[in-house]
Amino acid sequence: MGLAFASLLLLTPATTVVTTADAVAPPQERAPAYDVTIKITEHGIPHIKADTFAGVAYGAGWITTAEATCNLMDTLLTARGQRSLYEGPDATYKDNVGGSATNLEWDTLVTDLHDRGVVEKLLADPVAGPTARAKAMVAAETAGINDWLRDHEITDPACADAAWIKPDVTTTDVWYAFYLAQLISSTTRLLPQITSATPPPAGAKPAPRPTRAELRDALEPDDAFGSNATAVGGEATSTRRGMILGNPHFPWLGRYRFTQMHLTVPGKMNVAGGALTGFPAINIGFNKDVAWSHTVSTGYRFTPYQYTTAGTPTSYRTADGGTAELERRDVEVQVRTDAGTETRTRTLWRTPQGYVLSAPSLFMGWTKDSFWAFRDANAEHLRTFDTFLSMGMAKDVRNLLRRQDRGGGMPWVNTIAADRSGDVLYADHAVTPHVTDDLAQRCMTGAGRLIFGVAGLPGLDGTRASTDCAWGTDKDAQRPGILGPSHLPEVVRRDWVMNANDSYWMPNDEVRLTGYPRIIGCESCERTMRTKVVMAYVRDQLARGRETPRTLAGHEHANRVYAAEVARAGGRLDQVCAATGLTDACQVLHDWDGHSDATSNAGAAIFQEFVRVADQRDLTLWEVPFSPERPLTTPRTLSTAQPVVDAMTAAIELVTARDPDLASTYGELHRSGDRGSAGWPLGGGLGDLSGDANAVSSTLGDPVLDPVTRGSSYIQAIAFRGRARVQARTILTYSQYEDPASPWSDDQTEMFSKERWVRFPWTAAQIRDQLIEVVHLGP
């Protein structure tokens, strides 16, 4: 690789051919030669082509390191269990989707995984481990990462001087990073509870019992970590082919950002879309015949087991009437201090099912009488990479689902897909413990029934965890212990399906999927306002005519605020506001257009803050409660009770503190906040609370009024046309490159602000028309 090409910021629209012939490092340190061509088109989008799967992975590793150096290397630092060594033990590390803990807590867990050789054992497992092709691709990706680091100076100021970034990445590092990504809805979400689990001292008093609301909030998925996806079939489209609009709501900062890629192995694979940083396969995307997206599933990936102690807090009773001792694991973590480096020892505890946790707020405290451990289905495989890789080669939606099921590694998401023939798919075939309702009822403890009643998570009897309360096995499952496809929800149709993170029960307004184990999700249960607005977009369009590629894409920026539409019925929203006595603000709210467009007035911010404050205070907003018989029209009728009025007062005060005259547009109050962004005015809102499909909010303070750092991310509107054409509109809301000096660090963010799309170059002619650079990596 030529050193003149060091930054890969590609500042000039020229075509460059770069080879590995002038490598700087000694030949014996270089990776095997991979013949790879990367064509960079507008917005920095790479189109990676090689004759082998390993070659494509090498190119993906190389270009991803250029695009997201600091984020990728920080991910690998976490996977090594070395955050405390380089960043200190006390800082909080958030992956912004599930895990939030100190560096020392992360390192304690990850170091123990390394000490137990968890990933290494899975790599050798012929059933739960990856294929030889996947192993070869990860080896090639690792080589691509190291080669880029070896030959380039890091220019991103976020990590330019980091001593820990070296071209010494191993395949094991990458596999541990993949493994941790599998655990974000299970083990890493419980990280503080695992690493703080300590036997209770003699005489310790039981912790206060949590409320039902606290328990539900702690266990159910974070509504900010979600997504929308709508697939419309040939019976309802102008093209008579399938179309999809997918919008995952993911972080704009940190580990789980997407990059766009187009991967081609001629005659074997040709797929494009979004990939999580460091993943050399497409997670959400399309090929010439099928397009798919994902939304976070309501299913649980783990089950807790309650054990009865046997004389001491670290011994427990077993099914045969005997006793056993907990496994004590003393974990040594290297930690940076002001005086240098020291070793700190933290203790973890395990049963054969998994880690012990101390979580009194979840009714799972460690007392003198009992303790809890949990089994995590996503901790028992390393199949996610294979699963996504195979899906990228699907021929239609049914074939896509078969490939997903054979892979056995869809970690925590639903799948929504459309194909050229006009079929559409909804399925929740994510990895789920084989815990039927019969098993749950037979095995739940008293506390376990309480947890189940509130959140649908069965707490099982640990005494019988290895006998009649062990997870079951399906013949059609990829491996033992998980539900097979025959026990998982799915539907293929030719009209339309959707999901916006509610359970599988209603994939559209007419279909009901029932009879599945409760651990997957609820049935006959309330739909969020976000689900309702996503459905309303399609229903309202179909009442006028068919969905076209333009109308489906247009739903992304329609920015209806569905909760406000319901709240305004009967003049109730105006009544609540009038009761505050804040006349000027109420006039602004009355004049508001009911949308969360950047051009809407400040009433959009007032309403967003109103529903947020009401949620914080756990208020009942609606007088008519939810009815399973009327799931799309209940709950309704805004309450005018004084606590609701007080929430409106608080909301107005929050907005006027930022804009005393309430003269700003919503976009002036609601701006992009990812690293390096110019602070573009944005539409969109809070998602579930406000009933806004375009969910964008802040993690920096006030979710409405502080700079946006999460939500709509890699968005795609894909339409199949005729026998071969793919019409692809995409946008990566925070842009392709992380280095603020890159011209591609904020360009798509500006486009997103202006409600514009990238016309994704799919064909050779389209790529040629948008071509900026050609990079050749080869012998």
Could you note down all residue pairs passing disulfide (SG to SG under 2.5 Å) where residues 534-577 supplies at least one of them, sequence neighbours left out? Cys577-Cys586
Any idea which heavy atoms bring Ser697 and Leu686 closest together, and the distance? CB-CD2, 4.1 Å
Could you give all pairs that pass the side-chain hydrogen bond (donor to acceptor under 3.5 Å, both in side chains) test and reach residues 644-655, with sequence neighbours left out? Gln642-Asp646
Please list all pairs meeting ring-ring contact (aromatic ring centres under 6.0 Å, His included) that have one or both residues in residues 622-654, counting only residues at least two apart or in different chains. none
Summary of ring-ring contact (aromatic ring centres under 6.0 Å, His included) pairs that have at least one residue in residues 505-527, sequence neighbours excluded: Tyr504-Tyr516
Closest approach of Val726 to Ile718 (non-hydrogen atoms, all atoms of both residues): CG1-CG2, 4.0 Å
Where do Val588 and Gly603 come nearest, in terms of heavy atoms and distance? CG1-N, 3.5 Å
Tell me, which pairs form a disulfide (SG to SG under 2.5 Å) where one or both residues lie in residues 497-569, sequence neighbours left out? Cys522-Cys525
State which residues pass side-chain hydrogen bond (donor to acceptor under 3.5 Å, both in side chains) with Gln770; sequence neighbours excluded, sorted by chain then number. none
For Tyr426 and Asn414, which I'm curious about, is there any donor-acceptor pair between the side chains at under 3.5 Å? yes
In terms of heavy-atom contacts, Leu245 and Ile715 come closest through CD1-CG2, 4.3 Å
Considering only heavy atoms from C-beta outward, does the side chain of Asp688 approach that of Met529 to under 4.5 Å? no
Positive for side-chain contact (heavy atoms from CB on, under 4.5 Å) with Leu669, one of Leu662, Asp702, Leu705: Leu705
Partners meeting side-chain hydrogen bond (donor to acceptor under 3.5 Å, both in side chains) with Ser486 (sequence neighbours left out): Asp476
Residues that His557 engages under side-chain hydrogen bond (donor to acceptor under 3.5 Å, both in side chains), provided they are two or more places apart: none
Do Trp592 and Phe607 have ring centroids that are under 6.0 Å from one another? yes
Going by atom types alone, do Glu42 and Gln748 pair a side-chain donor with an acceptor below 3.5 Å? no
Which class fits the ring pair Tyr714 and Phe258: parallel under 30°, tilted 30 to 60°, perpendicular over 60°? tilted
Under 3.5 Å, is there a donor-acceptor pair between the Arg527 and Ser503 side chains? yes
Looking only at side-chain N and O atoms, does Thr237 offer a donor or acceptor that is under 3.5 Å from a partner on Glu547? no
His249-Ser227 side chain donor-acceptor pair, cut-off 3.5 Å: no
With ring centroids as reference points, do His294 and Phe388 lie under 6.0 angstrom apart? yes
Checking side-chain polar atoms at under 3.5 Å, does Thr699 have a donor or acceptor matched by the opposite partner on Thr709? yes
Distance under 6.0 Å and angle within 45° of the ring axis: does Arg257 meet both against Tyr734? yes
Residues pairing under salt bridge (Lys or Arg N to Asp or Glu O under 4.0 Å) where one sits in residues 602-611, two or more places apart or in two chains, turn out to be Glu609-Arg612
Do other residues, nucleotides or ligands put more than 12 heavy atoms under 6.0 Å from the CG atom of Asp540? yes
Identify whether the distance between the nearest side-chain nitrogen and carboxylate oxygen of Arg636 and Glu623 falls below 4.0 Å. no
For residues 394-403, which residue pairs qualify under salt bridge (Lys or Arg N to Asp or Glu O under 4.0 Å), counting only residues two or more places apart or in two chains? Arg398-Asp423
Salt bridge (charged side-chain N to carboxylate O under 4.0 Å, His left out) for Arg539 and Asp509? Distances and angles first, verdict last. CA-CA 8 Å; Arg539 295 169 68 206; Asp509 58 341; 3.3 Å; yes
Counting only heavy atoms not in Arg756, do more than 12 fall under 6.0 Å of its CZ? no
Less than 3.5 Å apart, any donor N or O on the side chain of Thr259 or Gln736 sitting next to an acceptor on the other? no
Check: Gln260/His43 side-chain N/O donor and acceptor closer than 3.5 Å: no
Between Asn287 and Asn270, do the side chains contain a donor N or O and an acceptor N or O under 3.5 Å apart? no
Applying side-chain hydrogen bond (donor to acceptor under 3.5 Å, both in side chains), name anything that partners Ser677, two or more places apart in sequence or on another chain. Ser672, Asp746
What pairs meet the salt bridge (Lys or Arg N to Asp or Glu O under 4.0 Å) rule with one or both residues in residues 239-249, with sequence neighbours excluded? none
